[in-house]
There are 2 protein chains.
Amino acid sequence: MQNLSKNQQIIFDLIDKSPEPLKAYTILYNVQKKGIKAPLQVYRALDKLVEIGKIHKIESRNAFIACHNSSCQVAKATAFSICEICEKVTEISSDSLSKYLANFKDKDGMKYIKYNLEFFGLCKKCKVK
Amino acid sequence: MQNLSKNQQIIFDLIDKSPEPLKAYTILYNVQKKGIKAPLQVYRALDKLVEIGKIHKIESRNAFIACHNSSCQVAKATAFSICEICEKVTEISSDSLSKYLANFKDKDGMKYIKYNLEFFGLCKKCKVK
DNA sequence: TTACATCTTGTTATATTATAACAATCTAAA
DNA sequence: TTTAGATTGTTATAATATAACAAGATGTAA
(Lines give C-alpha, C1' and ligand atoms only; values in the text may rest on other atoms or scores of the structure.)
Protein backbone atom coordinates (compact mmCIF):
# COMPACT_ATOMS: atom_id res chain seq x y z
CA MET A 1 0.00 0.00 0.00
CA GLN A 2 1.98 2.92 -1.26
CA ASN A 3 1.22 6.60 -0.97
CA LEU A 4 -0.07 8.44 -3.96
CA SER A 5 1.84 11.27 -5.54
CA LYS A 6 0.31 14.70 -5.78
CA ASN A 7 -1.22 14.32 -9.22
CA GLN A 8 -2.30 10.77 -8.51
CA GLN A 9 -4.05 11.89 -5.34
CA ILE A 10 -5.82 14.80 -7.04
CA ILE A 11 -7.08 12.56 -9.80
CA PHE A 12 -7.99 9.69 -7.54
CA ASP A 13 -10.00 12.01 -5.28
CA LEU A 14 -11.95 13.28 -8.24
CA ILE A 15 -12.76 9.80 -9.52
CA ASP A 16 -13.48 8.48 -6.05
CA LYS A 17 -16.11 11.10 -5.32
CA SER A 18 -17.73 10.84 -8.73
CA PRO A 19 -21.00 8.89 -8.89
CA GLU A 20 -20.21 7.88 -12.44
CA PRO A 21 -17.19 6.78 -14.45
CA LEU A 22 -15.09 9.67 -15.67
CA LYS A 23 -13.32 10.03 -18.98
CA ALA A 24 -9.74 11.20 -19.21
CA TYR A 25 -10.52 14.57 -20.75
CA THR A 26 -13.40 15.18 -18.35
CA ILE A 27 -10.89 14.60 -15.59
CA LEU A 28 -8.48 16.98 -17.27
CA TYR A 29 -11.06 19.78 -17.41
CA ASN A 30 -11.86 19.23 -13.75
CA VAL A 31 -8.32 19.34 -12.46
CA GLN A 32 -6.96 22.21 -14.50
CA LYS A 33 -7.62 24.57 -11.64
CA LYS A 34 -5.34 22.36 -9.56
CA GLY A 35 -2.47 22.83 -11.98
CA ILE A 36 -2.77 19.71 -14.07
CA LYS A 37 -2.72 21.11 -17.57
CA ALA A 38 -1.82 18.37 -20.01
CA PRO A 39 -3.47 15.11 -21.07
CA LEU A 40 -0.31 13.21 -20.38
CA GLN A 41 -0.34 14.21 -16.75
CA VAL A 42 -3.80 12.73 -16.48
CA TYR A 43 -2.99 9.55 -18.38
CA ARG A 44 0.13 8.94 -16.35
CA ALA A 45 -1.79 9.19 -13.11
CA LEU A 46 -4.57 7.00 -14.51
CA ASP A 47 -2.08 4.34 -15.63
CA LYS A 48 -0.55 4.21 -12.19
CA LEU A 49 -3.89 4.16 -10.38
CA VAL A 50 -5.08 1.32 -12.58
CA GLU A 51 -1.83 -0.53 -12.03
CA ILE A 52 -2.12 -0.40 -8.25
CA GLY A 53 -5.81 -1.22 -8.36
CA LYS A 54 -7.21 2.02 -6.96
CA ILE A 55 -9.30 2.55 -10.07
CA HIS A 56 -10.55 0.43 -12.95
CA LYS A 57 -10.98 1.25 -16.59
CA ILE A 58 -14.37 0.52 -18.12
CA GLU A 59 -13.02 -0.59 -21.45
CA SER A 60 -16.22 -0.32 -23.44
CA ARG A 61 -16.65 3.27 -22.30
CA ASN A 62 -13.07 4.54 -22.05
CA ALA A 63 -13.86 5.70 -18.56
CA PHE A 64 -12.54 5.19 -15.08
CA ILE A 65 -14.14 4.42 -11.73
CA ALA A 66 -12.74 3.97 -8.24
CA CYS A 67 -12.43 0.46 -6.91
CA HIS A 68 -14.48 -0.35 -3.85
CA ASN A 69 -13.67 -4.00 -3.78
CA SER A 70 -10.52 -4.68 -1.84
CA SER A 71 -10.04 -8.11 -3.36
CA CYS A 72 -9.54 -6.94 -6.91
CA GLN A 73 -6.63 -4.68 -6.02
CA VAL A 74 -4.35 -7.63 -6.30
CA ALA A 75 -6.11 -9.82 -8.77
CA LYS A 76 -6.97 -7.35 -11.51
CA ALA A 77 -10.03 -9.48 -11.91
CA THR A 78 -12.93 -7.15 -12.47
CA ALA A 79 -16.62 -7.33 -13.26
CA PHE A 80 -19.13 -4.59 -13.91
CA SER A 81 -22.73 -4.08 -14.88
CA ILE A 82 -23.45 -1.26 -17.27
CA CYS A 83 -26.85 0.24 -17.94
CA GLU A 84 -27.29 0.81 -21.65
CA ILE A 85 -29.68 3.68 -21.10
CA CYS A 86 -28.36 5.78 -18.23
CA GLU A 87 -24.79 4.43 -18.42
CA LYS A 88 -24.72 3.71 -14.70
CA VAL A 89 -21.84 1.40 -13.91
CA THR A 90 -21.64 -0.82 -10.87
CA GLU A 91 -18.73 -2.96 -9.83
CA ILE A 92 -19.81 -6.50 -9.10
CA SER A 93 -18.37 -8.16 -6.03
CA SER A 94 -19.51 -11.73 -6.12
CA ASP A 95 -17.50 -14.48 -4.54
CA SER A 96 -19.27 -17.05 -6.62
CA LEU A 97 -18.54 -15.21 -9.85
CA SER A 98 -14.92 -14.50 -9.05
CA LYS A 99 -14.36 -18.07 -7.96
CA TYR A 100 -16.00 -19.39 -11.08
CA LEU A 101 -13.92 -17.21 -13.36
CA ALA A 102 -10.67 -17.78 -11.48
CA ASN A 103 -11.20 -21.52 -11.83
CA PHE A 104 -12.42 -21.44 -15.39
CA LYS A 105 -10.26 -23.48 -17.72
CA ASP A 106 -10.30 -22.88 -21.45
CA LYS A 107 -10.14 -25.77 -23.90
CA ASP A 108 -6.36 -25.91 -23.50
CA GLY A 109 -6.76 -26.26 -19.76
CA MET A 110 -5.50 -22.74 -19.20
CA LYS A 111 -6.61 -20.71 -16.19
CA TYR A 112 -6.58 -16.93 -15.92
CA ILE A 113 -6.06 -14.80 -12.86
CA LYS A 114 -6.72 -11.62 -14.78
CA TYR A 115 -9.93 -10.79 -16.56
CA ASN A 116 -12.45 -8.08 -17.21
CA LEU A 117 -16.15 -8.78 -17.49
CA GLU A 118 -18.72 -6.21 -18.54
CA PHE A 119 -22.41 -7.07 -18.32
CA PHE A 120 -24.82 -4.91 -20.30
CA GLY A 121 -28.49 -4.42 -19.61
CA LEU A 122 -30.88 -2.02 -17.96
CA CYS A 123 -30.50 -0.89 -14.39
CA LYS A 124 -33.43 -1.07 -11.98
CA LYS A 125 -34.53 2.49 -12.60
CA CYS A 126 -34.35 2.32 -16.38
CA LYS A 127 -36.11 -1.02 -16.48
CA VAL A 128 -39.20 0.46 -14.83
CA LYS A 129 -39.60 3.35 -17.24
CA MET B 1 -29.48 -13.66 -42.04
CA GLN B 2 -29.15 -10.69 -44.30
CA ASN B 3 -26.75 -10.16 -47.12
CA LEU B 4 -23.84 -7.86 -46.62
CA SER B 5 -23.46 -4.69 -48.62
CA LYS B 6 -20.41 -4.14 -50.76
CA ASN B 7 -18.32 -2.33 -48.18
CA GLN B 8 -19.48 -4.62 -45.40
CA GLN B 9 -18.45 -7.66 -47.44
CA ILE B 10 -15.04 -6.25 -48.31
CA ILE B 11 -14.31 -5.45 -44.69
CA PHE B 12 -15.72 -8.68 -43.35
CA ASP B 13 -13.63 -10.70 -45.79
CA LEU B 14 -10.49 -8.94 -44.64
CA ILE B 15 -11.23 -9.50 -40.95
CA ASP B 16 -12.38 -13.05 -41.52
CA LYS B 17 -9.17 -14.11 -43.20
CA SER B 18 -6.94 -12.32 -40.70
CA PRO B 19 -5.26 -14.52 -38.10
CA GLU B 20 -5.33 -11.65 -35.62
CA PRO B 21 -7.69 -8.86 -34.62
CA LEU B 22 -7.54 -5.86 -36.91
CA LYS B 23 -7.77 -2.23 -35.98
CA ALA B 24 -9.96 0.18 -37.86
CA TYR B 25 -7.16 2.11 -39.50
CA THR B 26 -5.27 -1.05 -40.37
CA ILE B 27 -8.42 -2.15 -42.12
CA LEU B 28 -8.64 1.21 -43.86
CA TYR B 29 -5.11 0.93 -45.23
CA ASN B 30 -5.85 -2.56 -46.47
CA VAL B 31 -9.05 -1.73 -48.32
CA GLN B 32 -8.05 1.54 -49.92
CA LYS B 33 -7.20 -0.28 -53.11
CA LYS B 34 -10.81 -1.48 -53.15
CA GLY B 35 -12.14 2.06 -53.10
CA ILE B 36 -12.82 2.53 -49.42
CA LYS B 37 -11.08 5.77 -48.71
CA ALA B 38 -12.44 7.26 -45.51
CA PRO B 39 -12.45 6.14 -41.86
CA LEU B 40 -16.18 6.59 -41.67
CA GLN B 41 -16.75 4.03 -44.39
CA VAL B 42 -14.81 1.55 -42.30
CA TYR B 43 -16.50 2.42 -39.02
CA ARG B 44 -19.95 2.20 -40.55
CA ALA B 45 -19.26 -1.26 -41.88
CA LEU B 46 -17.73 -2.30 -38.57
CA ASP B 47 -20.73 -1.04 -36.62
CA LYS B 48 -23.07 -3.02 -38.79
CA LEU B 49 -20.97 -6.17 -38.70
CA VAL B 50 -20.78 -5.99 -34.91
CA GLU B 51 -24.51 -5.38 -34.71
CA ILE B 52 -25.36 -8.47 -36.72
CA GLY B 53 -22.80 -10.55 -34.90
CA LYS B 54 -20.44 -11.30 -37.80
CA ILE B 55 -17.54 -9.73 -35.95
CA HIS B 56 -16.73 -8.78 -32.38
CA LYS B 57 -14.85 -5.85 -30.97
CA ILE B 58 -12.03 -6.60 -28.56
CA GLU B 59 -12.65 -3.62 -26.33
CA SER B 60 -9.35 -3.62 -24.54
CA ARG B 61 -7.52 -3.54 -27.85
CA ASN B 62 -9.81 -1.49 -30.08
CA ALA B 63 -9.64 -4.27 -32.60
CA PHE B 64 -12.04 -6.54 -34.43
CA ILE B 65 -12.18 -10.26 -35.10
CA ALA B 66 -14.61 -12.44 -37.00
CA CYS B 67 -17.05 -14.52 -35.03
CA HIS B 68 -16.72 -18.26 -35.39
CA ASN B 69 -19.25 -19.13 -32.77
CA SER B 70 -22.73 -19.25 -34.21
CA SER B 71 -24.40 -18.96 -30.82
CA CYS B 72 -23.12 -15.49 -30.02
CA GLN B 73 -24.56 -13.98 -33.18
CA VAL B 74 -27.82 -13.62 -31.39
CA ALA B 75 -26.74 -13.30 -27.81
CA LYS B 76 -24.00 -10.71 -28.05
CA ALA B 77 -22.50 -12.65 -25.21
CA THR B 78 -18.81 -12.91 -25.90
CA ALA B 79 -15.69 -14.21 -24.23
CA PHE B 80 -12.07 -14.08 -25.30
CA SER B 81 -8.63 -14.97 -24.10
CA ILE B 82 -5.87 -12.51 -24.87
CA CYS B 83 -2.17 -13.21 -24.66
CA GLU B 84 -0.39 -10.29 -23.04
CA ILE B 85 2.83 -11.01 -24.88
CA CYS B 86 1.96 -11.93 -28.45
CA GLU B 87 -1.54 -10.40 -28.38
CA LYS B 88 -3.09 -13.54 -29.78
CA VAL B 89 -6.84 -13.46 -29.24
CA THR B 90 -9.04 -16.52 -29.13
CA GLU B 91 -12.79 -16.57 -28.85
CA ILE B 92 -13.95 -18.87 -26.10
CA SER B 93 -16.89 -21.14 -26.82
CA SER B 94 -17.76 -22.84 -23.60
CA ASP B 95 -21.27 -23.97 -22.86
CA SER B 96 -20.52 -24.07 -19.20
CA LEU B 97 -19.18 -20.53 -19.17
CA SER B 98 -21.97 -19.07 -21.24
CA LYS B 99 -24.58 -20.84 -19.15
CA TYR B 100 -22.99 -19.64 -15.96
CA LEU B 101 -22.86 -16.04 -17.13
CA ALA B 102 -26.34 -16.07 -18.64
CA ASN B 103 -27.71 -17.31 -15.34
CA PHE B 104 -25.62 -15.08 -13.17
CA LYS B 105 -27.69 -12.79 -10.96
CA ASP B 106 -26.21 -9.66 -9.47
CA LYS B 107 -27.07 -8.59 -5.94
CA ASP B 108 -30.31 -7.02 -7.19
CA GLY B 109 -31.29 -10.32 -8.76
CA MET B 110 -30.69 -8.96 -12.23
CA LYS B 111 -29.67 -11.22 -15.09
CA TYR B 112 -27.86 -10.17 -18.23
CA ILE B 113 -28.10 -11.63 -21.69
CA LYS B 114 -25.39 -9.40 -23.01
CA TYR B 115 -21.83 -9.34 -21.77
CA ASN B 116 -18.23 -9.21 -22.81
CA LEU B 117 -15.52 -11.10 -20.99
CA GLU B 118 -11.82 -10.73 -21.70
CA PHE B 119 -9.35 -13.06 -20.01
CA PHE B 120 -5.70 -12.01 -19.94
CA GLY B 121 -2.72 -14.27 -19.60
CA LEU B 122 -0.07 -16.00 -21.62
CA CYS B 123 -0.88 -18.26 -24.52
CA LYS B 124 0.66 -21.73 -24.75
CA LYS B 125 3.53 -20.61 -26.93
CA CYS B 126 4.46 -17.58 -24.88
CA LYS B 127 4.21 -19.50 -21.62
CA VAL B 128 6.95 -21.88 -22.72
CA LYS B 129 9.48 -19.20 -23.65
C1' DT C 1 -44.65 -0.07 -61.55
C1' DT C 2 -44.55 3.62 -58.61
C1' DA C 3 -43.83 5.72 -54.49
C1' DC C 4 -41.97 5.53 -50.12
C1' DA C 5 -38.99 4.38 -46.43
C1' DT C 6 -34.74 2.55 -45.20
C1' DC C 7 -30.22 1.43 -45.84
C1' DT C 8 -25.90 2.38 -47.85
C1' DT C 9 -22.45 5.21 -49.83
C1' DG C 10 -19.29 9.20 -50.49
C1' DT C 11 -17.03 13.21 -48.68
C1' DT C 12 -15.00 16.83 -45.78
C1' DA C 13 -14.19 18.23 -41.49
C1' DT C 14 -13.59 17.65 -36.73
C1' DA C 15 -13.91 15.51 -32.11
C1' DT C 16 -12.07 12.32 -28.86
C1' DT C 17 -8.70 9.33 -26.88
C1' DA C 18 -3.89 8.36 -26.16
C1' DT C 19 1.24 8.38 -26.62
C1' DA C 20 6.25 10.03 -28.03
C1' DA C 21 10.18 12.41 -26.69
C1' DC C 22 12.93 15.13 -23.79
C1' DA C 23 14.36 17.55 -19.64
C1' DA C 24 13.93 18.65 -14.87
C1' DT C 25 12.70 17.58 -10.14
C1' DC C 26 11.39 14.89 -6.26
C1' DT C 27 11.82 10.90 -3.03
C1' DA C 28 13.18 7.01 -0.58
C1' DA C 29 16.41 3.55 0.49
C1' DA C 30 21.46 2.04 0.87
C1' DT D 1 24.56 11.67 0.90
C1' DT D 2 24.24 9.78 -3.17
C1' DT D 3 21.90 7.58 -6.45
C1' DA D 4 18.21 4.92 -8.80
C1' DG D 5 13.63 5.13 -9.68
C1' DA D 6 9.50 7.58 -9.78
C1' DT D 7 7.19 11.73 -10.85
C1' DT D 8 6.45 16.01 -13.08
C1' DG D 9 6.18 19.48 -16.82
C1' DT D 10 5.87 20.54 -21.60
C1' DT D 11 5.18 20.52 -26.64
C1' DA D 12 3.92 17.99 -30.28
C1' DT D 13 1.66 14.37 -32.55
C1' DA D 14 -0.50 9.78 -33.22
C1' DA D 15 -4.49 6.88 -33.06
C1' DT D 16 -9.36 6.21 -32.63
C1' DA D 17 -13.96 7.72 -33.68
C1' DT D 18 -17.97 10.72 -35.00
C1' DA D 19 -20.76 14.93 -37.07
C1' DA D 20 -23.08 16.70 -40.82
C1' DC D 21 -24.71 16.78 -45.34
C1' DA D 22 -25.83 15.06 -49.96
C1' DA D 23 -26.71 11.44 -53.13
C1' DG D 24 -27.55 6.81 -54.69
C1' DA D 25 -29.31 1.98 -54.10
C1' DT D 26 -32.72 -1.33 -52.54
C1' DG D 27 -36.78 -3.60 -51.12
C1' DT D 28 -41.54 -3.68 -50.43
C1' DA D 29 -46.32 -2.69 -50.40
C1' DA D 30 -50.14 -0.49 -52.77
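Sequence lines set the chain letters: A, B, ... in the order given, protein chains first and strands last, and positions in each chain run from 1.
- At whole-Å resolution of the value, CD in A:Gln32 and P in D:dG9 are 13 Å apart.
- The pair B:Glu84-A:Lys114 meets the salt-bridge criterion, with a side-chain N (NZ, NE, NH1 or NH2) lying under 4.0 Å from an Asp/Glu carboxylate O.
- Phosphate proximity of C:dT27 to A:Lys6: absent, as no side-chain N or O sits under 4.0 Å from OP1 or OP2.
- The CD1-C1' distance, from A:Ile27 to C:dT17, rounds to 12 Å in whole Å.
- Here C:dT11 is the nucleotide among D:dT16, C:dT11, D:dT8 with the atom lying nearest to any side-chain atom of B:Ala38.
- Shown here for B:Tyr112 and A:Ser81, the closest heavy-atom pair between the two residues is OH-CB, 3.2 Å.
- Between B:Ser98 and B:Tyr115, the shortest heavy-atom contact is CA-OH, 3.4 Å.
- Between B:Glu59 atom CD and C:dA18 atom P there is a gap of 12 Å when expressed in whole angstrom units.
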Hey, mind stepping through A:Phe119 and B:Phe104 against ring pair (Phe, Tyr, Trp, His ring centres under 6.0 Å) and telling me if it holds? CA-CA 10 Å; A:Phe119 283 110; B:Phe104 174 77; 5.4 Å; yes

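- For B:Asn62, a side-chain nitrogen or oxygen approaches OP1 or OP2 of D:dA17 to under 4.0 Å.
- Of the candidates C:dA21, C:dA18, D:dA17, the closest approach to any side-chain atom of A:Leu40 belongs to C:dA21.
- For A:Tyr43 and C:dT19, the ring-to-base geometry does not satisfy the stacking test (centroid distance below 5.5 Å, interplanar angle below 30°).
- Distances shorter than 4.0 Å separate none of the side-chain N or O atoms of B:Asn3 from OP1 or OP2 on D:dT26.
- Distance, A:Gln9 CD to C:dT27 P: 14 Å, rounded to whole Å.
- Evaluation of atom-type donor-acceptor distances gives a pair under 3.5 Å for the side chain of A:Tyr25 against the base of C:dA18.
- Between A:Lys57 and the phosphate of C:dA18, there is a side-chain N or O to OP1/OP2 separation shorter than 4.0 Å.
- Hydrophobic clustering, with ILVMFWY side chains joined whenever heavy atoms are under 4.5 angstrom apart, keeps B:Ile65 apart from B:Ile52.
- Residue B:Gly35 is the one, among B:Gly35 and B:Pro39, whose nearest nucleotide of DNA chain C lies closer to the 5' end (criterion: closest heavy atom).
- Between A:Leu46 atom CG and D:dT8 atom P there is a gap of 12 Å when expressed in whole angstrom units.
- Rounding to whole angstrom units, NZ of residue B:Lys23 and P of C:dA18 are separated by 11 Å.
- Per the geometry, CG belonging to B:Leu22 stands 15 Å off C1' belonging to D:dT16, to the nearest Å.
- Judged by closest nucleotide on DNA chain C, B:Gln8 is the one of B:Gln8 and A:Arg44 placed further toward the 5' end.
- For the pair B:Glu51 CD and C:dT8 C1', the computed distance is 13 Å after rounding to whole Å.
- B:Ser5 has a side-chain polar atom (N or O) that falls below the 4.0 Å cut-off from OP1 or OP2 of C:dT9.
- If you take CD on A:Glu59 and CD on A:Glu118, they are separated by 7.0 Å, rounding to the nearest 0.5 Å.
- When heavy atoms are screened at a 4.0 angstrom cut-off, B:Gln41 is found touching base atoms of the nucleic acid.
- Residue B:Lys48 places no side-chain N or O under 4.0 Å from the OP1 or OP2 atom of C:dC7.
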